[in-house]
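These notes are about the structure you will find just below.
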Amino acid sequence: QYVEGAEAAGRKPDPKNWVIAKSIFVADSDEEAHEFTYTDEAPLKYYYCYLRDLLSKYGLAKMFKNDPEMPDEALTGDYCMDEMVICGSPRTVLDKLVALREEIGPFGQILLVSHDWDGDTGAKWRHSMELMANEVMPAFRKATGVEKADE
């Protein structure tokens, strides 16, 4: 849609101008990441289920659907997590980001959507951001040949 929008406006699409936003949680292991994000008590799953329910209430559930013909009942918590969140170990998150780039095309920047909670949950998010900055992104740049963005 970015390419279509740029062309419709008479502009040449430039991946450097394309910023994508994604909720990303990185943990030391896939199991830890899954437990923190996918369980029914997980704050992130609660967040997306709450948002899904709110959008559904006002007839806007289609915003969460990959297929407009998909019934609202198919918007399970796990579906929302699968579609809107990237989580896992640094290697898994790297693989998912590379796959995302291959699927949608090159983008200029990725905006990590962080969720600032306090206590132990906040510490896990801080650790996630450290893993993202120190392990995932350097490997992503190497895997894709993308240079580090200007700071």
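Since we're looking at a predicted model, the values are computed, not measured.
In this structure, the side chains of F107 and K16 stay at 4.5 Å or more apart for every pair of heavy atoms. C87 places none of its side-chain heavy atoms less than 4.5 Å from the side chain of H34. Side-chain contact check for L55 versus Y50: every heavy-atom pair is 4.5 Å or farther apart. At least one side-chain heavy atom of I24 sits under 4.5 Å from a side-chain heavy atom of V93. Between I110 and W18 the shortest side-chain heavy-atom distance does not fall below 4.5 Å. Proximity of L97 to R101: side-chain heavy atoms (C-beta onward) are nowhere separated by under 4.5 Å. Contact of the K22 side chain with the L111 side chain is not registered, since no non-hydrogen atoms from C-beta on lie closer than 4.5 Å. The side-chain heavy atoms of D28 and L131, taken from C-beta on, include a pair separated by under 4.5 Å.
Here the options are T37, D40, T39, the test is side-chain hydrogen bond (donor to acceptor under 3.5 Å, both in side chains), and the partner is K45; only D40 passes.
V113 is not connected to V136 by any chain of hydrophobic side-chain contacts under 4.5 Å among Ile, Leu, Val, Met, Phe, Trp and Tyr, and they are in different clusters. With hydrophobic clusters built from ILVMFWY side chains whose heavy atoms lie under 4.5 angstrom apart, M132 shares a cluster with V98. Transitive grouping of hydrophobic side chains (ILVMFWY, heavy atoms separated by less than 4.5 Å) brings M129 and I20 into a common cluster. L112 and I104 fall within the same hydrophobic cluster, where Ile, Leu, Val, Met, Phe, Trp and Tyr residues are linked whenever their side-chain heavy atoms come under 4.5 Å apart, directly or through other members. Cluster annotation: F25 and L51 are assigned to the same hydrophobic cluster (Ile/Leu/Val/Met/Phe/Trp/Tyr, side-chain heavy-atom contacts under 4.5 Å, transitive).
A distance-only check finds a donor-acceptor pair linking the side chain of S128 to the backbone of V26 [under 3.5 Å]. Judged by distance alone, the side chain of R52 and the main-chain N or O of L75 form a donor-acceptor pair under 3.5 Å. Not one N or O on the side chain of D30 forms a donor-acceptor pair closer than 3.5 Å with the backbone of G88.
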Can you check side chain to side chain donor-acceptor pair (under 3.5 Å) on S23 and Y48, steps first, answer last?
-> CA-CA 10 Å; S23 290; Y48 277 108; 2.7 Å; yes
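Nearest heavy atom pair, residue A33 against residue A27, reads N-CB, 3.7 Å. P138 and A133 get closest at one heavy-atom pair: CD-O, 3.3 Å. Counting all heavy atoms, side chain and backbone alike, Y79 lies closest to N66 at OH-N, 3.1 Å. What you find for P71 and K65 is that their closest heavy atoms are C-NZ, 4.0 Å.
The CZ atom of R141 sits 11.5 Å away from atom CG of L94, with the distance rounded to the nearest 0.5 Å. The distance from atom SG of C80 to atom OH of Y38, rounded to the nearest 0.5 Å, is 10.0 Å. Distance OG/S56 to NZ/K62: 12.5 Å, rounded to 0.5 Å.
Salt bridge R91/D95: present, at least one basic N to carboxylate O contact under 4.0 Å.
Heavy atoms from other residues, nucleotides or ligands lying under 6.0 Å from CD of E83 number more than 12.
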